[in-house]
J.: 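Submitted below is the structure of interest, expressed as structure tokens.
Sequence lines set the chain letters: A, B, ... in the order given, protein chains first and strands last, and positions in each chain run from 1. Quick caveat: nothing in here was measured; it's all calculated off a predicted structure.
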There are 2 protein chains.
Amino acid sequence: MTKLKQIGPVARELGINPKTIRYYEEIGLIPPAQRTESGYRVYGQADIDRIAFILRARELDFSLDDIGEILALREGGEAPCLYVTDLVQKQLAVIDAKIAALNQLREELEDVQRQAVTISLDVIVDKECVCHLIENRAIRAEIA
Amino acid sequence: MTKLKQIGPVARELGINPKTIRYYEEIGLIPPAQRTESGYRVYGQADIDRIAFILRARELDFSLDDIGEILALREGGEAPCLYVTDLVQKQLAVIDAKIAALNQLREELEDVQRQAVTISLDVIVDKECVCHLIENRAIRAEIA
DNA sequence: TATAGACGTTCCAGTAGCTGGAATATCAAG
DNA sequence: CTTGATATTCCAGCTACTGGAACGTCTATA
């Protein structure tokens with residue numbers, strides 16, 4: 001018999017909000033927790049491990065849906081590893097796309113910053129557009 | 001007098017869903033559109049420009065809140081450029097953090113993939129954990 | 001002129017993954 | 001016996017839209 005913990009200590013141990021655990025239960029990602037006589041949720045090590053697994057998968061940016069499927073497959077007796085490698089492949093593609101987009105975004109913002117430094121005062125005072133820094137970028141983009 | 005356009009053509013021109021324009025109006029990001037007798041929204045070039053500005057700022061990953069403030073400052077007669085440079089600075093920091101996190105994530109997922117290839121069959125068949133690929137990563141992380 | 005279909009309108013609800021708050025119950029310590 | 005920390009449920013909101021239902025409007029053609 002392992003020692004049972006209430007939701008607060010478990011959440012603190014895992015570095016999350018207790019509400020997150022209740023939420024996972026609510027959407028069926030974890031089974032309904034065991035309760036004390038007075039209705040408090042209590043968790044054993046296996047429950048904590050399951051939540052920890054979810055959190056690690058979340059760190060890898062898997063969606064709760066995907067995590068749920070992995071868990072369900074496991075419950076069905078199948079080792080989910082092959083399924084997971086497929087998910088991982090897809091995740092990698094998504095991440096690469098995100099990184100590329102962010103890098104481009106970064107360049108564009110640096111562009112904006114550079115322009116802010118070199119912009120001449122009379123342009124700043126001119127009131128014909130909402131914001132030169134952003135509008136000019138669009139104009140330059142059209143030219144290019 | 002410029003030609004007025006209905007919401008559909010405007011949305012197509014800008015490459016967005018008409019609902020997005022109604023949404024921007026609903027949250028007050030753009031003023032209520034002029035209407036035809038029958039209640040159809042119509043837009044002039046200035047309106048379209050304003051929406052286009054919002055879309056460009058969104059491409060730079062500004063929140064609608066930030067964009068609203070920029071627009072409001074502009075309405076107040078102040079050039080928002082200085083305000084924008086401040087926002088851009090903050091955006092850059094956020095983006096850098098995101099890129100760093102994604103790169104780390106990428107490495108971890110590649111790690112998982114590598115492990116998937118070299119993992120031995122007896123480990124796959126063992127059913128003691130939910131998913132070796134993800135769990136093992138956590139174990140290795142603890143060791144490191 | 002009737003009608004089809006392509007557009008427009010409003011309103012409600014849902015997405016992901018939580019998080020905050022209100023109203024209420026439980027529990028341990030002083 | 002009260003105080004404070006914790007727990008419970010339920011409702012609502014966050015971002016930035018998007019989908020769908022139910023309905024109105026406009027144009028073109030049979």
Side-chain angles (χ1 to χ4, degrees), chain A residues 4-30 32-43 47 50-71 87 90-91 94-95 98 101 105, chain B residues 4-30 32-43 47 50-71 87 90-91 94-95 98 101 105:
Chain A
L4 296 177
K5 292 173 188 165
Q6 289 192 356
I7 202 167
V10 171
R12 262 190 300 279
E13 186 181 322
L14 296 172
I16 56 173
N17 192 318
K19 297 226 172 194
T20 302
I21 299 176
R22 291 195 198 99
Y23 173 69
Y24 286 167
E25 180 179 321
E26 187 191 327
I27 63 170
L29 202 53
I30 52 178
Q34 195 185 330
R35 304 282 186 133
T36 64
E37 270 185 27
S38 55
Y40 285 17
R41 287 172 179 84
V42 283
Y43 300 88
D47 305 313
R50 191 185 171 104
I51 298 167
F53 172 82
I54 294 168
L55 296 177
R56 276 196 301 279
R58 287 287 303 138
E59 273 173 38
L60 295 178
D61 239 19
F62 288 104
S63 72
L64 292 182
D65 261 16
D66 285 346
I67 297 169
E69 282 200 68
I70 293 169
L71 257 16
L87 281 182
K90 283 177 189 147
Q91 278 303 109
V94 169
I95 286 166
K98 277 190 192 173
L105 184 54
Chain B
L4 296 177
K5 292 172 188 164
Q6 290 191 355
I7 201 166
V10 170
R12 262 190 300 279
E13 186 180 322
L14 296 171
I16 57 173
N17 193 318
K19 296 226 173 194
T20 302
I21 299 176
R22 292 194 199 101
Y23 173 68
Y24 288 166
E25 179 179 322
E26 186 191 329
I27 63 170
L29 201 55
I30 53 177
Q34 195 184 329
R35 304 281 185 132
T36 64
E37 268 184 29
S38 55
Y40 284 18
R41 287 173 180 83
V42 283
Y43 300 89
D47 305 313
R50 191 184 172 106
I51 299 168
F53 172 83
I54 294 168
L55 296 177
R56 277 195 300 278
R58 287 286 305 136
E59 273 173 36
L60 295 178
D61 237 18
F62 287 104
S63 72
L64 291 182
D65 260 17
D66 285 346
I67 296 169
E69 283 201 68
I70 293 168
L71 255 18
L87 281 183
K90 282 175 190 150
Q91 278 302 108
V94 169
I95 287 166
K98 277 190 193 174
L105 185 54

J.: Quick one: pull up CG in B/L71 and CG in B/L29 and give me the separation to the nearest 0.5 Å.
T.: 6.0 Å
J.: Please work out if B/I7 contacts a base, only the sugar-phosphate, or nothing of the nucleic acid, heavy-atom cut-off 4.0 Å.
T.: sugar-phosphate
J.: Quick one: does B/L4's side chain get under 4.5 Å of B/T36's, heavy atoms only?
T.: no
J.: Using a cut-off of 4.0 Å on non-hydrogen atoms, how would the nucleic acid contact of B/S63 be classed: base, sugar-phosphate, or nothing?
T.: sugar-phosphate
J.: Hey, what do you get for OH (B/Y23) to CD1 (B/I16), rounding to the nearest 0.5 Å?
T.: 13.0 Å
J.: Nearest whole Å is fine: how far is C/dC18 C1' from A/I51 CD1?
T.: 15 Å
J.: Rounded to whole angstroms, how far apart are CD1 on A/I27 and C1' on C/dG14?
T.: 15 Å
J.: Side chain of B/Y23 only, heavy atoms from C-beta on: which candidate in C/dT9, D/dT8, D/dC17 is closest?
T.: D/dC17
J.: Ignoring backbone atoms, establish whether A/R41 has a side-chain N or O less than 4.0 Å from OP1 or OP2 of D/dA7.
T.: no
J.: Apply the side-chain hydrogen bond (donor to acceptor under 3.5 Å, both in side chains) test between B/R41 and each candidate in B/E25, B/Q6, B/Q34; give the one that qualifies.
T.: B/E25
J.: With a 4.0 Å limit, can you tell me whether A/T20 has a side-chain N or O closer than that to the phosphate oxygens OP1/OP2 of C/dT19?
T.: yes
J.: Taking only N and O in the side chain of B/N17, is any of them less than 4.0 Å away from OP1 or OP2 of D/dA16?
T.: no
J.: Is there a donor and acceptor pair, one atom on the side chain of A/K19 and one on the base of C/dG17, closer than 3.5 Å?
T.: no
J.: Taking the axis from the first five pairs and the axis from the last five, what angle separates them in the helix from C/dT1-D/dA30 to C/dG30-D/dC1, rounded to 10 degrees?
T.: 30°
J.: Roughly how far, to the nearest 0.5 Å, is the CD1 atom of A/I51 from the CZ atom of A/R58?
T.: 14.5 Å
J.: With a cut-off of less than 4.0 Å, is there a side-chain N or O of A/S38 near OP1 or OP2 of C/dC27?
T.: yes
J.: Classify A/R35 by what it touches in the nucleic acid, base, sugar-phosphate, or nothing, heavy-atom distance under 4.0 Å.
T.: sugar-phosphate
J.: Between atom CD1 of A/I30 and atom CD1 of A/I67, what is the distance when rounded to the nearest 0.5 Å?
T.: 12.0 Å
J.: Look up atom CG in B/L64 and atom CD1 in B/I27, then write down how far apart they are to the nearest 0.5 Å.
T.: 5.0 Å
J.: In this structure, how many angstroms lie between the P atom of D/dA16 and the CG atom of B/D66, rounded?
T.: 9 Å
J.: Starting from P on D/dC17, measure out to CD1 on B/I67 and report it in whole angstrom.
T.: 8 Å
J.: Specify the separation, in whole Å, of atom CD of A/Q34 and atom P of D/dT8.
T.: 13 Å
J.: For B/Y40 and for A/D65, locate the closest nucleotide of DNA chain C by heavy-atom distance; then report the residue assigned to the nucleotide nearer the 5' terminus.
T.: B/Y40
J.: By nearest heavy atom, map A/L64 and A/E37 onto DNA chain C; which one lands nearer the 5' end?
T.: A/L64
J.: Out of curiosity, B/T20 OG1 to B/L55 CG, how far, rounded to the nearest 0.5 Å?
T.: 8.0 Å
J.: May I have the distance from B/R22 (atom CZ) to C/dC7 (atom P), rounded to whole angstrom?
T.: 13 Å
J.: In whole angstrom, give the distance that lies between atom CD of A/E26 and atom C1' of C/dG20.
T.: 14 Å
J.: Could you state the atom-to-atom distance from CG of A/L4 to P of D/dA7 in whole Å?
T.: 14 Å
J.: By the 4.0 Å heavy-atom rule, please label A/R58 as base, sugar-phosphate, or nothing.
T.: sugar-phosphate
